[in-house]
Amino acid sequence: MSTMTDKKRPVKKDSRDNGGDDMEGGDEKRGRGFVRRKVCRFCADKNAKVDYKDQSTLKYFVTERGKIIPRRISGNCALHQRAVAKAVKQARGLALIPYLVLAS
Amino acid sequence: MAEAKNATAKVREYETVFLVKPDLTDENVDKVKDKVRTIINRDGGKFLRFTIWGKKKTMYPVAKQPRAIYIHAHYLGGSAMVAEVERNLRNLDEVSRFMSKRLADDVNAEAHQPQEDLKLSGDVDDNKPFGGAEREGFGGFDGDMDDDGGYGV
């Protein structure tokens with residue numbers, strides 16, 4: 001399942017790797033804005049598990065406000081984003097992660 | 001009743017995390033632990049391990065307290081047993097919150113042996129706000145996307 005999504009994604013290595021052509025304005029502008037290839041952390045590292053008990057990892061997937069960071073930004077694949085969302089919600093129930101953080 | 005079913009019933013692996021009030025002494029924590037352990041062993045389950053995460057700061061007040069002692073229980077058994085454990089946790093005044101989760105279906109009970117209880121120290125530094133400076137953002141995200149609703153951290 002997850003390998004399919006990996007395959008579909010074109011490998012857009014930025015042109016800065018081959019370094020040579022700086023002529024076209026910016027070095028990493030292409031189309032609209034520069035696209036960094038995002039890889040699902042959990043697909044990339046087979047040992048990484050989504051765990052609601054792991055506060056420090058989950059923190060990476062919520063904003064400072066406590067909202068879950070969308071997939072288009074976190075780069076998770078659909079499968080793991082679902083797992084992360086579930087884990088965040090479970091961790092919230094145990095007060096490991098806040099439901100919301102009020103602006104101070 | 002459990003014995004009659006045991007031959008056919010699946011053994012599953014479960015874990016339960018529960019929060020107890022922060023002002024409990026170690027003996028009282030042990031009492032809660034023993035209670036859970038006896039229930040599981042009585043109902044034909046197999047208790048594996050307690051991990052005390054220690055007194056941790058909660059992200060929001062739980063039972064009007066800013067801290068709680070986290071206890072993690074790991075065991076094998078059936079669904080009826082989990083319901084019984086949860087019913088008992090609900091009745092205990094010391095327990096403010098609990099959550100059970102199934103880890104695996106149909107496990108081999110012999111492969112899991114009970115282990116020594118673990119005790120972790122919990123939080124040392126209090127008053128640390130959530131997130132803050134130590135939180136890393138996503139590298140490639142800096143003002144390129146205009147349509148995001150305030151995720152630009």
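Throughout, a chain's letter reflects where its sequence line sits, starting with A, and its residues are numbered from 1.
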- Message: Return the CE to CG distance between B:Met99 and A:Leu94, rounded to the nearest 0.5 Å.
- Response: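 Output value for this atom pair is 4.5 Å.
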
- Sequence neighbours excluded, which residues qualify as salt bridge (charged side-chain N to carboxylate O under 4.0 Å, His left out) partners of A:Asp54?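 Scan of A:Asp54 (salt bridge (charged side-chain N to carboxylate O under 4.0 Å, His left out), adjacent residues dropped) gives none.
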
- Name, in order of residue number, those residues of residues 17-29 of chain B that have a heavy atom at a distance of less than 4.5 Å from a heavy atom in chain A; otherwise write 'none'.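 B:Val17, B:Leu19 fall under the 4.5 Å cut-off.
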
If hydrophobic clusters are built from ILVMFWY residues whose side chains come within less than 4.5 Å, do [X] and [Y] share one?
X        : Y       : result
B:Val107 : B:Val82 : no
A:Val50  : A:Phe61 : yes
B:Met81  : B:Leu48 : no
B:Ile39  : B:Ile71 : yes
B:Leu103 : B:Val36 : no

- Task: Tell me, for A:Gln55 versus chain B, whether the close heavy atoms (under 4.5 Å) come from the side chain, the backbone, both or neither.
- Result: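 A:Gln55 touches chain B through side-chain heavy atoms alone.
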
- Message: Between A:Val101 and B:Met59, is there a side-chain heavy-atom distance shorter than 4.5 Å?
- Response: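 No, too far: nothing below the 4.5 Å cut-off.
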
- NZ of B:Lys33: more than 12 outside heavy atoms within 6.0 angstrom?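 Yes.
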
- Taking B:Tyr60 for the side chain and A:Arg92 for the main chain, is one N or O donor matched with an acceptor at less than 3.5 Å?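 Yes; judged by distance alone, with no hydrogens or angles, the pair exists.
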
